[in-house]
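A short write-up of the structure that comes next.
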Amino acid sequence: SINSNPSTKWWWWWSQAVLDEEGARPVTRSPETVALLEHVQTLLKGRQWAEALPSIHQLTTCEGLSQGSVQRALGKCLIELGQRQEGLEACERAIQLDPNLEDARATIIFERDLEPGWDAKSARQEWWRVHGLPLYEKRLGHANTRDPNRVLRVGYVSGDFRFHSASVVFTPVVLGH
């Protein structure tokens with residue numbers, strides 16, 4: 001399964017870059033573009049952010065790629081290299097190019113979550129409107145009984161407990177239960 005931590009979802013956003021703008025079908029690319037994509041993929045797998053950066057800049061000029069996903073890759077590298085503001089700006093450009101890039105939006109929320117003066121509520125509402133609500137509307141009902149006298153078992157399951165801003169807030173709840 002894919003870890004929900006934005007810093008480890010590189011495969012998801014990178015795979016989006018190999019689709020055309022509609023995201024519907026693979027497109028034919030020049031051998032040079034294919035080689036560049038494979039090179040960047042190898043560097044990203046190895047978490048070689050500095051080495052990947054010049055090649056990602058090259059990808060911004062290639063046709064037939066989702067430039068939103070390329071901007072997302074650029075943002076990821078810049079953030080990992082400590083250039084947080086530039087990385088967040090690249091993630092913002094990614095969302096402007098492709099509003100459906102959940103990982104770019106989640107990265108911005110993750111990075112700015114505890115930033116003073118940042119409107120986290122609006123950002124989370126936008127995430128919900130664009131990404132959460134469509135999934136929520138497809139949900140299936142639960143098969144459990146609604147008997148108020150039945151035993152209620154509570155469990156906490158999340159991929160975010162170890163490395164997520166929400167863990168700062170939620171850890172005391174779990175430890176105090």
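The shown structure was predicted, so the numbers you read here are calculated from the model rather than taken from an experiment.
- Closest approach of A52 and L44 over heavy atoms only: CB-CD2, 4.1 Å.
- With rounding to the nearest 0.5 angstrom, the OG atom of S69 is 9.5 Å from the CG atom of L97.
- Residues I108 and W118 have side chains in contact (heavy-atom distance under 4.5 Å, counting atoms from C-beta outward).
- In this structure, CG in L36 is found 11.5 Å from CD in Q41, a value given to the nearest 0.5 Å.
- Closest of all the heavy-atom pairs between V40 and S55 is CG2-CB, 3.3 Å.
- Contact between R112 and Q85 at its shortest, heavy atoms only, is NH2-NE2, 3.5 Å.
- Remark: E32 pairs with no residue by the salt bridge (Lys or Arg N to Asp or Glu O under 4.0 Å) rule, at least two apart or across chains.
- Here the side chains of D103 and C91 are not in contact, with every heavy-atom distance at 4.5 Å or above.
- Between I79 and E111 the shortest heavy-atom distance is CG2-OE2, 3.6 Å.
- Contact annotation: the side chain of I56 never approaches that of R72 to less than 4.5 Å [non-hydrogen atoms, C-beta and beyond].
- In this structure, CZ in R93 is found 10.5 Å from CG in L88, a value given to the nearest 0.5 Å.
- Side-chain contact between N144 and R150: present, with at least one pair of heavy atoms (C-beta onward) separated by less than 4.5 Å.
- Nearest heavy atom pair, residue A123 against residue I109, reads O-CD1, 3.8 Å.
- A donor-acceptor pair is defined here as one N or O able to donate and one able to accept, closer than 3.5 Å; no such pair exists between the side chain of Q67 and the backbone of T61.
- Counting non-hydrogen atoms of other residues, nucleotides and ligands closer than 6.0 Å to OH of Y156 gives a total above 12.
- Looking at residues two or more places apart in sequence or on another chain, you find a side chain to side chain contact (heavy atoms under 4.5 Å, CB included) between N149 and D147.
- The shortest side-chain heavy-atom distance between C62 and L59 falls under the 4.5 Å cut-off.
- Annotation: the span from E80 atom CD to Q48 atom CD amounts to 13.0 Å, rounded to 0.5 Å.
- Between R47 and W49, some side-chain heavy-atom pair lies under the 4.5 Å cut-off.
- The shortest distance between side-chain heavy atoms of L43 and L53 does not fall below 4.5 Å.
- The structure places CD of E115 at 5.0 Å from CZ of R84, a figure rounded to the nearest 0.5 Å.
- At a threshold of 4.5 Å between non-hydrogen side-chain atoms, the residues P99 and R105 count as touching.
- Of all heavy-atom pairs between L81 and A50, the closest is CD2-N, 3.7 Å.
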* Asked: Given the rule in the side chain to side chain contact (heavy atoms under 4.5 Å, CB included) test, do D113 and R124 qualify, once you have shown the distances and angles that lead to the verdict?
  -> CA-CA 10 Å; D113 203 25; R124 291 179 191 285; 2.4 Å; yes
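- Under a hydrophobic-cluster definition in which Ile, Leu, Val, Met, Phe, Trp and Tyr are linked whenever side-chain heavy atoms come within less than 4.5 Å, directly or via other members, L101 and L133 are assigned to different clusters.
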